[in-house]
There are 2 protein chains.
Amino acid sequence: MQKENKTPKECLEKLLPVQDALDVLKGKWKIQIISVLIYYEECGFKQLQDNVKGITPKMLSKELKELEINLMVTRQVSETRPVTVRYQITEYGKSVTPVIKALYYWGEQHRESIKASMRKERG
Amino acid sequence: MQKENKTPKECLEKLLPVQDALDVLKGKWKIQIISVLIYYEECGFKQLQDNVKGITPKMLSKELKELEINLMVTRQVSETRPVTVRYQITEYGKSVTPVIKALYYWGEQHRESIKASMRKERG
DNA sequence: CAGAATCCGGTCAGATACTG
DNA sequence: CAGTATCTGACCGGATTCTG
């Protein structure tokens, strides 16, 4: 990200998109929801709630709204009886996969590093 | 991340490292601090505060502690008068660069997508 | 210089209950 | 089924002041 011919200020400006990405992905549930939707392609509310362990309907609803605003998922209502709602991952939503992978590989390494340093501290 | 021969449960277990990575990077300041330290290799407290615009000493101190725990930075105190403290990015800290890059590229795309969809909504 | 201490408002997120 | 409403405690993060 940094090149010697850039000022710190220029580098910091580059961080705006990074913060945007982090905003979209932040929180306890978003990546889980995205992953479930990538897995199933399409889900109802209940099915999502069952697959994202521990999430309350309130949080699920809130997170889905944010994901919809960010074009990650679509929401389709069928006026049946009772109404059925389908959440779908968008192609765009799938495009975060490389980001999740980068987080995964680094996170995995990180776990090992932390474990190793804890062993060292104990002697 | 998902393969057809994996259950949703197995996929969700894979998400633990992702959450770990997100935890290390989360908050308003961590990536900025890391970026400044990658740029300078080494900084004093004041120098950091000057380069991370708007951060208070309290937050800077707190974030640095967390980054130290996660082995991203080291803290070296010289018993001079007055004491000088140097924060250094670790090699390990530099290893998040691919993650930041992934976040950057996706975040940049994301800005464009959101902008485009807002233009569309306005007509 | 390099922080710690204190105070405070805002948001996050969980539990529970309720609606059409 | 697909959510909403309300209450609550925990935590985040800023402002200000103080210390060695």
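Order of the sequence lines sets the chain letters (A, B, ...), proteins ahead of strands, with each chain counted from 1. Just so it is clear, the model here is predicted, and its values are computed rather than measured.
Atom pair Ile33(A):CD1 and dA13(C):P shows a separation of 11 Å (rounding to whole Å applied). Distance CD (Gln49(A)) to C1' (dT16(C)): 13 Å, rounded to an integer number of Å. The NZ-C1' distance, from Lys26(A) to dG13(D), rounds to 12 Å in whole Å. For Met59(A) and dT16(C), the CE to C1' distance is 16 Å, given to the nearest whole Å. Regarding Lys58(A), its NZ atom lies at a distance of 10 Å from the P atom of dC12(C), rounded to whole Å. Counting to the nearest Å, the P atom of dA2(D) and the CG atom of Leu60(A) are 10 Å from each other. Rounded to a whole Å, the CD atom of Glu63(A) is 9 Å from the P atom of dC12(C). As rounded to whole Å, 8 Å separates atom P of dG14(D) from atom CD1 of Ile55(B).
Across every non-hydrogen atom of Gly54(A) and Trp29(A), the tightest pair is C-CH2, 3.8 Å.
Note on Lys62(B): every side-chain N or O is 4.0 Å or more away from OP1 and OP2 of dA4(C). Taking 4.0 angstrom as the limit, Arg86(A) places none of its side-chain polar atoms (N or O) nearer than this to OP1 or OP2 of dC1(D). Phosphate contact (OP1/OP2 of dA2(D), side-chain N/O of Ser61(A), threshold under 4.0 Å): absent. Applying the 4.0 Å criterion to OP1 and OP2 of dT4(D), one finds that Lys65(A) has a side-chain N or O inside that range. Phosphate contact (OP1/OP2 of dG3(D), side-chain N/O of Tyr87(A), threshold under 4.0 Å): present.
When heavy atoms are screened at a 4.0 angstrom cut-off, Arg75(A) is found touching the sugar-phosphate backbone but no base atom.
Atom OG1 of residue Thr90(B) and atom CG of residue Asn70(B) lie 10.0 Å apart, to the nearest 0.5 angstrom.
Here dG3(C) is the nucleotide among dC1(D), dC1(C), dG3(C) with the atom lying nearest to any side-chain atom of Phe45(B). Distances were taken from every side-chain heavy atom of Val85(A) (C-beta onward) to each of dA4(C), dC1(C), dA2(D); the shortest belongs to dA2(D).
Put simply, the side chain of Ser35(B) gets close to the backbone of Ile31(B): a donor and an acceptor are under 3.5 Å apart. Side-chain N or O atoms of Lys30(B) include one that pairs as donor or acceptor with a backbone N or O of Lys26(B) at under 3.5 Å.
Projected onto DNA chain C by closest heavy-atom contact, Gly27(A) and Pro82(A) fall at different nucleotides, the more 5' of which corresponds to Gly27(A). Between Thr56(B) and Glu66(B), the residue anchored nearer the 5' end of DNA chain D, judged by the nucleotide with its closest heavy atom, is Glu66(B).
Each of Gln76(A), Gln88(A), Gln47(A) was checked for a side chain to side chain contact (heavy atoms under 4.5 Å, CB included) with Glu42(A), and the lone residue meeting it is Gln88(A).
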